[in-house]
Number of protein chains: 2
Amino acid sequence: MNAEMLKGHLDNVILATLERGPAHGYAVIEDIRRRSGGSFDLPEGTVYPALHRLELAGLIASDWVTPEAGRRKRVYALTPGGKTALKDRREGWAEFSRAVGAFLEPDKPWAA
Amino acid sequence: MNAEMLKGHLDNVILATLERGPAHGYAVIEDIRRRSGGSFDLPEGTVYPALHRLELAGLIASDWVTPEAGRRKRVYALTPGGKTALKDRREGWAEFSRAVGAFLEPDKPWAA
DNA sequence: ATTTATACCTTGCATTGCTAGGGGTCAAGT
DNA sequence: ACTTGACCCCTAGCAATGCAAGGTATAAAT
């Protein structure tokens with residue numbers, strides 16, 4: 001799978017991951033890998049800047065958590081604005097997916 | 001629809017457009033707009049460089065055509081390599097679409 | 001004559017995912 | 001004791017891409 005295809009969709013994937021509950025960066029990477037069936041095996045240099053980007057945009061918020069056993073983690077959670085954004089991006093993805101499918105999935109009924 | 005979502009997918013859309021037969025740049029833009037149901041209304045500054053890119057990569061080839069009536073056009077057609085690439089990219093899109101759908105289309109059966 | 005649609009092109013920008021590095025903690029194996 | 005691997009965080013700089021903005025030119029419509 002081409003690497004550039006993810007551009008513009010990573011934020012949506014991360015937001016959808018955090019929709020299931022707060023998680024720290026490393027766990028987000030693992031969730032994405034598992035939930036995508038291995039298709040998205042993202043390096044840290046991709047995900048961490050994306051998380052910072054989303055926090056700067058106000059779509060997620062972070063808290064440092066230091067458990068008794070283990071290392072300190074930065075746990076991210078969706079903000080109300082993030083939930084709204086995710087809803088909008090779902091619609092955006094549906095439209096985009098339908099539009100590209102009209103070109104690359106010629107068996108679909110909508111492909112004129 | 002977000003603008004950055006098209007990144008990495010435009011080449012596939014253009015290749016699929018030329019799959020139906022040779023066309024010049026301006027016609028490609030119109031075909032994409034029509035076939036996408038208006039979702040992709042691409043400016044020339046997006047499509048023309050992409051066509052040059054694809055030709056440089058050997059996936060399409062161009063010929064200048066000067067009809068008796070009308071303006072001269074640069075007509076692009078898929079090369080054998082382009083047809084092969086399109087086939088591969090169809091599979092890539094299927095995988096990518098399935099993977100993103102697992103995050104943004106939670107009603108789908110594969111969304112664990 | 002002016003506007004609109006057609007038809008092509010390029011420069012430079014903003015954004016993005018990735019590579020390649022860095023730091024550090026902790027458990028298990030050798 | 002030492003190394004390996006898993007865990008957990010971060011940044012600088014690169015390459016690619018879609019786009020805005022601008023230019024050129026012909027043909028048809030008003």
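Hydrogens, waters and symmetry mates are skipped; everything else that's a heavy atom, side chains included, is used. Chain A is the first sequence line, chain B the second, and so forth, proteins listed ahead of strands; every chain is numbered from 1.
- The backbone N or O of Met1(B) sits nowhere less than 3.5 Å from a side-chain atom of Glu95(A) that would complete a donor-acceptor pair.
- Reading DNA chain C from its 5' end, the first and the last nucleotide to sit under 4.0 Å from a heavy atom of chain A are dT16(C) to dC26(C).
- With axes fitted over five pairs at each extremity, the angle between the ends of the helix from dA1(C)-dT30(D) to dT30(C)-dA1(D) is 10° (10° resolution).
- Nearer to the 5' terminus of DNA chain C, by closest-nucleotide assignment, is the contact made by Lys7(A) (compared with the other of Lys7(A) and Arg71(A)).
- Side-chain contact check for Tyr48(A) versus Pro43(A): every heavy-atom pair is 4.5 Å or farther apart.
- An OP1 or OP2 oxygen of dA25(D) is reached within less than 4.0 angstrom by no side-chain nitrogen or oxygen of Arg72(B).
- For the pair Arg53(A) CZ and dA12(D) C1', the computed distance is 15 Å after rounding to whole Å.
- Of the possible donor and acceptor atoms, one in the side chain of Arg98(B) sits under 3.5 Å from a partner among the backbone N and O of Ser36(A).
- Ring orientation note: the planes of Phe96(B) and His9(A) are nearly perpendicular, at an angle over 60° on the 30°/60° scale.
- Checking side-chain atoms of Arg35(A) against main-chain N and O of Glu30(A) turns up no donor-acceptor pair under 3.5 Å.
- Rounded to a whole Å, the CZ atom of Phe40(B) is 15 Å from the C1' atom of dT17(D).
- Judged by distance alone, the side chain of Arg90(B) and the main-chain N or O of Leu104(A) form a donor-acceptor pair under 3.5 Å.
- Glu44(B) places its CD atom 13 Å from the P atom of dC19(D), with the value rounded to the nearest Å.
- With DNA chain D read from its 5' end, the first of the two nearest nucleotides for Tyr76(A) and Ala50(B) is the one closest to Tyr76(A).
- Residue contacts for Gly45(A): at a heavy-atom cut-off of 4.0 Å it reaches a base atom on one of the strands shown.
- Note: CE (Met5(B)) to P (dC19(D)) measures 11 Å, nearest angstrom.
- One interatomic measurement links the two molecules: CD of Glu55(A) to P of dT11(D), which rounds to 11 Å at whole-angstrom precision.
- Here dA16(D) presents its C1' atom at 16 Å from CG of Leu10(A), a figure rounded to the nearest Å.
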Can you check side-chain contact (heavy atoms from CB on, under 4.5 Å) on Phe40(A) and Val100(B), steps first, answer last? CA-CA 9 Å; Phe40(A) 297 147; Val100(B) 176; 3.8 Å; yes

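- For the pair Tyr26(B) and Glu44(B), the minimum side-chain heavy-atom distance is below 4.5 Å.
- Using a 4.0 Å cut-off, some side-chain N or O of His52(A) falls inside it from OP1 or OP2 of dT11(D).
- In this structure, Leu42(B) atom CG and dT17(D) atom P are separated by 15 Å, rounded to whole Å.
- Taking atom OH on Tyr48(A) and atom P on dC10(D), their separation rounds to 7 Å, with Å as the unit.
- In terms of the salt bridge (Lys or Arg N to Asp or Glu O under 4.0 Å) criterion, residue partners of Lys7(B) (sequence neighbours excluded) are, by chain and number, Glu4(B).
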